[in-house]
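Worksheet for the structure shown next.
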Amino acid sequence: MSVVEGGDVLTTMSAAVRRRHVDEQIRRLESRLVREHDKVPPSLVHEWIERARARLGGAPVQDFVPLLVERAVRTSAREFPVDSSGLSGTYLSNWARNTARRLLAKELPRRWAHTEGVARRAEQVAHLLPPGEQDLLVAAAWLHDIGYAAELVDTGWHSLDGARYLRRAGVSPRVCGLVAHHSGAAAVAHLLGLADGLAEFDDDRGRLRDALWYCDMTTGPDGHPTTLDNRLAEIRRRRGPEDPVVRALDINVDERRAAVRRVHRLLRRAAA
């Protein structure tokens, strides 16, 4: 190999190393911006980052790309129309919040933190739904993980145990169904041999269900907003490859992504 050829190889390798370095910076930047701008849906922050990065892809000095991307995203976040009115607490959503707090806050504080984050996200995206469904979303967000509480454990699958408790309590069948089927629960129930039990509850396949899945899949275990990819990676890392929830991702990850994409499109349209 000639000196010139060797120099070309080194230049190519150096460019690849710089690209990987920028990629890592962008990933860390996205996680930080998603947390800092917690009133902006995480999927929108991700889109703004990808759009800004594509625009800057031909910049002669890539080292400055993360800084320029950050500036572009912060500008978009400042212009994002935040709905600060929120939802007035109704009997259902107040009962749901108090029930979830009683069952989770002391026994499972991290699960409670996640629940609070999912409920906050539900209040922020509820405007995408008809008025009659907005409170159902917020209530389901508060209640979606109550089946983890020791008091409710029966089958050992929290989606089913939580839904059955809510049915005994006389809660709306739609909320029971949302809790039973949230975030790909059907695939897990199949692996656990609980599909017949889950079939006791209707699966509300529509915008309301999508919205609950979006809220759950863009909220981390400590309640902080996160991106879908980070959430999926965290689930795999925390639970391990043999866990039924992780095994179920081979079955339902595309369904989860599709639900998040549908809600993201609605959010993007509403923010336009």
Side-chain angles (χ1 to χ4, degrees), residues 34 40-47 93 96 100 111 114-130 133-148 157-160 162-163 166 172-191 195 198-199 201-221 223-236 238-239 244-270:
V34 161
V40 179
S43 60
L44 284 179
V45 175
H46 175 75
E47 180 174 293
S93 60
R111 183 65 55 183
H114 168 74
T115 296
E116 287 184 299
V118 174
R120 282 195 299 271
R121 183 65 60 212
E123 291 179 348
Q124 292 166 0
V125 306
H127 66 278
L128 300 174
L129 302 174
E133 294 185 341
Q134 294 178 7
D135 199 47
L136 296 179
L137 171 63
V138 175
W142 282 115
L143 297 166
H144 77 287
D145 273 353
I146 60 170
Y148 281 108
W157 177 226
H158 75 281
S159 297
L160 181 56
L166 295 172
S172 159
R174 289 193 77 186
V175 173
C176 295
L178 289 167
V179 170
H181 290 276
H182 77 272
S183 300
V188 184
H190 175 75
L191 292 173
L198 203 67
F201 301 92
D202 291 336
D203 188 4
D204 192 342
R205 294 174 176 270
R207 188 176 295 185
L208 177 57
R209 186 186 81 156
D210 282 352
L212 179 61
W213 287 33
Y214 179 92
C215 296
D216 189 22
M217 296 308 300
T218 59
T219 303
H224 298 298
T226 189
T227 62
L228 174 62
D229 285 342
N230 285 344
R231 177 77 162 118
L232 292 171
E234 181 277 324
I235 289 172
R236 293 181 186 277
R238 171 167 49 90
R239 289 181 172 273
V245 173
V246 175
R247 291 164 54 207
L249 289 178
D250 293 334
I251 303 170
N252 65 24
V253 70
D254 289 341
E255 188 180 14
R256 295 191 192 206
R257 289 188 182 280
V260 170
R261 279 197 303 268
R262 287 191 292 266
V263 175
H264 171 73
R265 286 196 293 268
L266 294 172
L267 288 166
R268 183 174 55 193
R269 196 178 307 154

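Values below: every heavy atom of this structure, side chains too, minus hydrogens, waters and symmetry copies. For the single chain, residues carry numbers from 1 onward in sequence order.
Side-chain polar atoms of His181 and Asp202 form no donor-acceptor pair below 3.5 angstrom.
The two residues Ser93 and Ala139 make their nearest non-hydrogen contact at CA-CB, 4.4 Å. Nearest heavy-atom pair across Ala270 and Leu128 is CB-CD2, 4.1 Å. Considering all non-hydrogen atoms of both residues, Trp213 and Ser183 come closest at NE1-N, 2.9 Å. Closest approach of Ala185 to Ser159, counting heavy atoms only: CB-OG, 3.7 Å. Looking at every heavy atom in both residues, Val188 comes nearest to Ala248 through CG2-CB, 3.6 Å. Contact record, Leu137 with Ala126: CD2-CA, 4.0 Å, taken as the closest heavy-atom pair.
Inter-residue side-chain proximity for Val245 and His158 is flagged as unmet; no heavy-atom pair is nearer than 4.5 Å. Contact annotation: the side chain of Leu136 approaches that of Ser172 to within less than 4.5 Å [non-hydrogen atoms, C-beta and beyond]. Residues Val260 and Arg257 are not in side-chain contact: their nearest non-hydrogen atoms beyond the backbone lie 4.5 Å or more apart.
Other residues, nucleotides and ligands contribute more than 12 heavy atoms inside 6.0 Å of the CG atom of Asp203.
The SG atom of Cys176 lies 12.0 Å from the CG atom of Asp204; values are rounded to the nearest 0.5 Å. Here the OG1 atom belonging to Thr115 is positioned 10.5 Å from the CZ atom belonging to Arg120, to the nearest 0.5 angstrom. Taken from CG in Leu129 to CG in Asp210, the straight-line distance is 9.5 Å, to the nearest 0.5 Å. A distance of 9.0 Å separates OG1 of Thr218 from CD of Gln124, quoted to the nearest 0.5 Å. Note that the CZ atom of Arg121 and the OG1 atom of Thr219 stand 6.0 Å from one another [nearest 0.5 Å]. Going from atom CH2 of Trp157 over to atom CG of Leu198 covers 9.0 Å, rounded to the nearest 0.5 Å.
A distance-only check finds a donor-acceptor pair linking the side chain of His114 to the backbone of Gly220 [under 3.5 Å]. Of the possible polar contacts, one joining the Asn252 side chain to the Gly184 backbone as a donor-acceptor pair under 3.5 Å is found. Side chain of Arg262 to main chain of Arg207: no donor-acceptor pair is present (N/O by atom type, distance under 3.5 Å, no hydrogens or angles).
Evaluated for a side-chain contact (heavy atoms from CB on, under 4.5 Å) with Phe201, the options Leu160, Leu178, Leu166, Val179 yield exactly one hit, Leu160. Under the side-chain contact (heavy atoms from CB on, under 4.5 Å) rule, Ser43 has a single partner from Arg268, His264, Arg261, which is His264.
Take Asn230 and apply the side chain to side chain donor-acceptor pair (under 3.5 Å) test, not counting sequence neighbours, and it matches Ser31, Thr227. In this view, Asp254 satisfies the side chain to side chain donor-acceptor pair (under 3.5 Å) rule with no residue, not counting sequence neighbours.
Ring planes of His144 and His182: perpendicular class, angle over 60° (limits at 30 and 60°).
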Item to check | Trace of the side-chain contact (heavy atoms from CB on, under 4.5 Å) decision for Leu228 with His46 | outcome: CA-CA 10 Å; Leu228 174 62; His46 175 75; over 6 Å; no

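With respect to the salt-bridge test (charged N to carboxylate O, under 4.0 angstrom), the residues Arg231 and Glu234 qualify.
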